[in-house]
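All of these numbers come straight from a predicted model, not from anything done at the bench.
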Amino acid sequence: MSLLEVNNLKIRFHGRDETVEAVKGIDFTLNEGETLAVVGESGSGKSVTALSLTRLLPPAPTCQSSGEIRLDGRDINSLSARELRKLRGKEIAYIFQEPSSSLNPVFTVGYQIAEAIKLHIPGEKDVTGRVIDALKAVGIRDAEKRYKAYPHEMSGGMQQRVMIAMALACEPRILVADEPTTALDVTIQKQIMDLLAEIRQQRKMSIVLITHNFGIVSGFADRVVVMFRGEIVEQGQTEDVLRNPQHPYTKALIACIPRLGSKQERLTTIDYESLVSS
Amino acid sequence: MNASLLEVRDLKVHYPVRSGFLRRVNDHVRAVDGVSFSCRKGKTTGLVGESGSGKTTIGRAIIRLAPITSGSIHFDDQEITGLSKGGFFPLRKRMQMVFQDPFNSLNPRMSVFQIIAEPLEIHFPQMSKADRRKRAAELIDRVGLSATQLDRYPHEFSGGQRQRIGIARALAVEPEFIICDEPVSALDVSIQAQIVNLLQDLQQELGLTYLFIAHDLAVVEHISDDVLVMTGGKIVEQASAEAIYADPQSDYTKKLLEAVPKF
Ligand SMILES: Nc1ncnc2c1ncn2[C@@H]1O[C@H](COP(=O)(O)OP(=O)(O)OP(=O)(O)O)[C@@H](O)[C@H]1O
Ligand SMILES: Nc1ncnc2c1ncn2[C@@H]1O[C@H](COP(=O)(O)OP(=O)(O)OP(=O)(O)O)[C@@H](O)[C@H]1O
Ligand SMILES: [Mg+2]
Ligand SMILES: [Mg+2]
């Protein structure tokens, strides 16, 4: 049995005059200690899939979802509100795609990380020390000074790292990281990925890593899921999918990756019409 | 050599750090600490560097969203730091910014149409509503979304879709100069390419000038004519795109290029 099993997941949004079928019946699994990368088109349903894992989607009638999500064999849909709250953070923690959507603007970042630590590690004596260590681990300079800063006083990449520090402070079994490094320069990106790799090894943490960055997928993920227009069009071992993609979308996507040092006149894009008709 | 459209001289932005019960100022964050550069007309200046090094702050200082501690900024040979609000107003149409954080920069209570049409209303008050609608539809299509989505609200979009709404808004008034702050960081590589190609097409057609802030060094190499590298509030290297990538001089630039994940 896998740690996490998703079967026939469907997610729909009902707007005023149209219905968006964001996810059209997808299946995947995640094993203990495994890292699963989710790649694919912008708008293909990656983030809403991630949110559905702990029922964080908007309520009905705006949003309707169906299918089965099992964590350790327990059906997520059968959990009470209280059980769900315990699940979030402790079992499954998130690094959300847009930090400003989930950091509270009226509290300092130090306070917010401290709250996460107090909630999940009740016996901790030196909470402040732990907050500062957490900020240092994600490469925030002058952590002693900066933990009193408010989110708007930090750069985009610093906010992103605060969210990473908060998610990791919960010591979750599964980390869902939705584009965790988009605002980071490549040296700090490397530091963060090394940190995640270390924790993954120490605690056998599993990771769902949503990203557009194939360099990260290649160096970090065990398996890859490729999403296109609400469906998983391909999944497999990272090496296989990246070196020998089977689905036309995956092939076309990989051909669009811009490469350092190979100056092109124009960047390659996908011809969606030929893709959908083929 | 092209004439420069933007000239920044010894720019400093220092933020006070307040602490303690009385929230006294007892320290400063030197977000931007004496930078000088220029953006050549019709060309793209890439700006890369460490997270927290002051890139966004430079962009915000240019459009007056960050307080300037000292230094000067010339736009089209006019000193703009001393301008009054009214004096700066005509420049707002000529320079636009695509913000790094689409979630924060799109008003959640406005539909996509209202978001894109707002700058049109301000800068082209004579434009009819039907024309604004037409222009918004055309822009939303060019960034890879659909005109049928114009009446939806920001929260009804994915992260990458929101990022593209911000790009459409910045393009709406046909500015001459656009500060693009991580404009493609949330996009898959194909849509990213579509946006980069669009920016380059517009540059060809209309002679636009870009300050292009990004962490993706391959994209910066592709789009830029000149590149600036920052760390700790200072520019540590500036040169043509070819030179920086072929023969980096500063230790920090070398370190950056080495850290690019390979695939
Ligand atoms: N609250 C909502 N109401 C209506 N539609 C929504 C809502 N949230 C998401 N959608 C739609 O669902 C689809 C999937 O969105 P999702 O955020 O999962 O995309 P994504 O794969 O994460 O894309 P990106 O790479 O751009 O972040 C999109 O077409 C989006 O417009
Ligand atoms: N309003 C503010 N008050 C105090 N400090 C600020 C404020 N805005 C930015 N800073 C600080 O200024 C420095 C530069 O921030 P800036 O956002 O310009 O960085 P950046 O280079 O854009 O980084 P990133 O790549 O992470 O987006 C950071 O240390 C940040 O914390
Ligand atoms: Mg997303
Ligand atoms: Mg920034």
Side-chain angles (χ1 to χ4, degrees), chain A residues 13 15-16 18 20 39-44 46-48 97-101 139-141 145 148-149 153-158 160-161 178-179 182-190 193 212-219 242 252-254 256-261 263-264 266-270, chain B residues 15 17 19 27 29 31 48-57 100-104 144 148 151-152 155-164 181-182 185-194 196-197 200 215-219 221-222 232 242 245-246 255-263:
Chain A
F13 291 95
R16 275 169 313 282
E18 53 166 355
V20 178
V39 302
E41 204 187 14
S42 169
S44 61
K46 303 180 298 294
S47 295
V48 296
Q97 185 170 5
E98 288 157 306
S100 58
S101 69
I140 302 274
R141 291 195 197 181
K145 267 195 234 165
K148 288 183 193 149
E153 297 174 326
M154 295 201 136
S155 77
M158 290 160 82
Q160 200 162 41
R161 285 179 275 159
D178 194 351
E179 308 272 7
T182 48
L184 305 181
D185 65 83
V186 283
T187 64
I188 294 183
Q189 172 179 298
K190 184 168 181 311
M193 296 319 287
H212 292 302
N213 187 326
F214 282 89
I216 291 186
V217 173
S218 155
L242 296 192
L253 187 69
I254 289 176
C256 293
I257 302 172
R259 312 262 174 190
L260 208 56
K263 195 91 180 161
Q264 297 162 275
R266 242 177 125 66
L267 294 178
T268 314
T269 58
I270 295 178
Chain B
Y15 288 106
V17 178
S19 62
D27 206 348
V29 176
V48 303
E50 198 182 3
S51 168
S53 63
K55 303 178 299 295
T56 297
T57 306
Q100 181 172 12
D101 182 345
F103 185 85
N104 241 346
T148 60
D151 295 315
R152 283 165 62 175
H155 74 269
E156 298 176 294
F157 289 88
S158 77
Q161 291 168 337
R162 276 198 278 273
Q163 193 164 45
R164 287 179 270 163
D181 194 358
E182 298 282 358
S185 63
L187 304 178
D188 68 72
V189 284
S190 169
I191 301 203
Q192 165 177 290
Q194 182 185 339
V196 168
N197 291 343
Q200 290 188 306
H215 286 302
D216 187 324
L217 297 174
V219 171
E221 177 185 34
H222 173 81
E242 282 96 52
Y245 286 87
K255 217 173 90 185
L256 262 189
L257 289 169
E258 271 161 28
V260 175
K262 305 278 177 318
F263 154 59

Enquirer: Heavy atoms only: give me the nearest B:Gly160-A:Gln97 pair and the separation to one decimal.
Expert: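 Heavy atoms of B:Gly160 and A:Gln97 come nearest at N-NE2, 4.1 Å.
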Enquirer: Pick one of side chain, backbone, both or neither for B:Asp181, based on which atoms fall under 4.5 Å of a heavy atom in chain A.
Expert: neither
Enquirer: Could you tell me the separation between the CZ atom of B:Phe157 and the OG atom of A:Ser47, rounded to the nearest 0.5 Å?
Expert: 14.5 Å
Enquirer: Please name the pair of heavy atoms, one in A:Gly156 and one in B:Gln100, separated by the smallest distance, quoted to 0.1 Å.
Expert: CA-NE2, 3.9 Å
Enquirer: Determine the option with the most heavy-atom pairs under 4.5 angstrom with chain B, choosing from A:Met158, A:Glu179, A:Arg259.
Expert: A:Arg259
Enquirer: Using heavy-atom distances under 4.5 Å, tell me whether A:Phe13 contacts chain B through its side chain, its backbone, both, or neither.
Expert: neither
Enquirer: Among B:Arg162, B:Gln161, B:Arg164, whose side chain to side chain donor-acceptor pair (under 3.5 Å) with A:Ser42 holds?
Expert: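 Among the candidates, only B:Arg164 passes.
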Enquirer: So do B:Val189 and A:Leu267 actually touch side chain to side chain, heavy atoms under 4.5 Å?
Expert: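 In short, these two side chains do not touch, never coming nearer than 4.5 Å.
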Enquirer: Please flag which part of A:Ile254 lies under 4.5 Å from any non-hydrogen atom of chain B: side chain, backbone, both or neither.
Expert: side chain
Enquirer: Below 4.5 Å, heavy-atom pairs only: which of B:Asp101, B:Thr57, B:Val219, B:Thr56 has the largest tally toward chain A?
Expert: B:Asp101
Enquirer: Under the 3.5 angstrom rule, does the side chain of B:Ser190 hit a backbone N or O of A:Ile270 as a donor-acceptor pair?
Expert: yes
Enquirer: Is B:Val260 in contact with chain A via its backbone, its side chain, both, or neither, using a 4.5 Å heavy-atom distance?
Expert: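 Both backbone and side chain.
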Enquirer: Side chain, backbone, both or neither: which part of B:Lys262 has a heavy atom under 4.5 Å from chain A?
Expert: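 For B:Lys262, backbone heavy atoms alone lie under 4.5 Å from chain A.
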Enquirer: Can you tell me which of A:Gln264, A:Arg141, A:Gln189, A:Gln160 forms the most heavy-atom pairs within a distance under 4.5 Å of chain B?
Expert: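 Answer, by heavy-atom pair count under 4.5 Å with chain B: A:Arg141.
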Enquirer: What distance separates B:Ser185 OG from A:Leu184 CG, expressed to the nearest 0.5 Å?
Expert: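 Answer for the OG-CG pair, B:Ser185 versus A:Leu184, is 10.5 Å.
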Enquirer: Please identify, among B:Thr148, B:Asp216, B:Val29, B:Val48, the residue contributing the most non-hydrogen atom pairs under 4.5 Å to chain A.
Expert: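 Max contact count across the listed options: B:Val29.
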Enquirer: Would you check if B:Val17 and A:Lys145 make a side-chain contact, meaning some heavy-atom pair closer than 4.5 Å?
Expert: no
Enquirer: Could you look at A:Ser44 and say if it's the side chain, the backbone, both or neither that has a heavy atom under 4.5 Å from chain B?
Expert: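 Neither; nothing under 4.5 Å.
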Enquirer: Show the nearest heavy-atom pair for residues B:Phe103 and A:Ser100, with the distance to one decimal.
Expert: CD2-OG, 3.6 Å
Enquirer: For the atom pair NE2 (B:His222) and CZ (A:Arg266), what is the distance rounded to the nearest 0.5 Å?
Expert: 8.0 Å
Enquirer: How many angstroms lie between atom CD of B:Gln194 and atom SG of A:Cys256, to the nearest 0.5 angstrom?
Expert: 10.0 Å
Enquirer: Who among A:Gly40, A:Gly43, A:Ser101, A:Ala149 has the most heavy-atom pairs with chain B under 4.5 Å?
Expert: A:Ser101
Enquirer: If you count heavy-atom pairs within less than 4.5 Å of chain A, which of B:Ile191, B:Leu257, B:Leu256 leads?
Expert: B:Leu256
Enquirer: How long is the span from the NE2 atom in B:His215 to the CG atom in A:Asn213, to the nearest 0.5 Å?
Expert: 12.0 Å
Enquirer: Between A:Glu18, A:Lys190, A:His212, which has the largest tally of heavy atom pairs under 4.5 Å with chain B?
Expert: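 Of A:Glu18, A:Lys190, A:His212, A:His212 has the most heavy-atom pairs under 4.5 Å with chain B.
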Enquirer: For a 4.5 angstrom cut-off between non-hydrogen side-chain atoms, does A:Val20 reach B:Arg152?
Expert: yes
Enquirer: Among A:Thr269, A:Val186, A:Val39, which residue has the highest count of heavy-atom pairs closer than 4.5 Å to chain B?
Expert: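 Top count of heavy-atom pairs under 4.5 Å with chain B: A:Val186.
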Enquirer: Should B:Tyr245 and A:Leu260 be marked as a side-chain contact (heavy atoms from CB on, under 4.5 Å) after you check the CA-CA gap, both sets of side-chain angles, and the distance that decides it?
Expert: CA-CA 9 Å; B:Tyr245 286 87; A:Leu260 208 56; 3.5 Å; yes
Enquirer: Select one option (side chain, backbone, both, neither) describing which atoms of A:Ile188 are under 4.5 Å from chain B's heavy atoms.
Expert: side chain
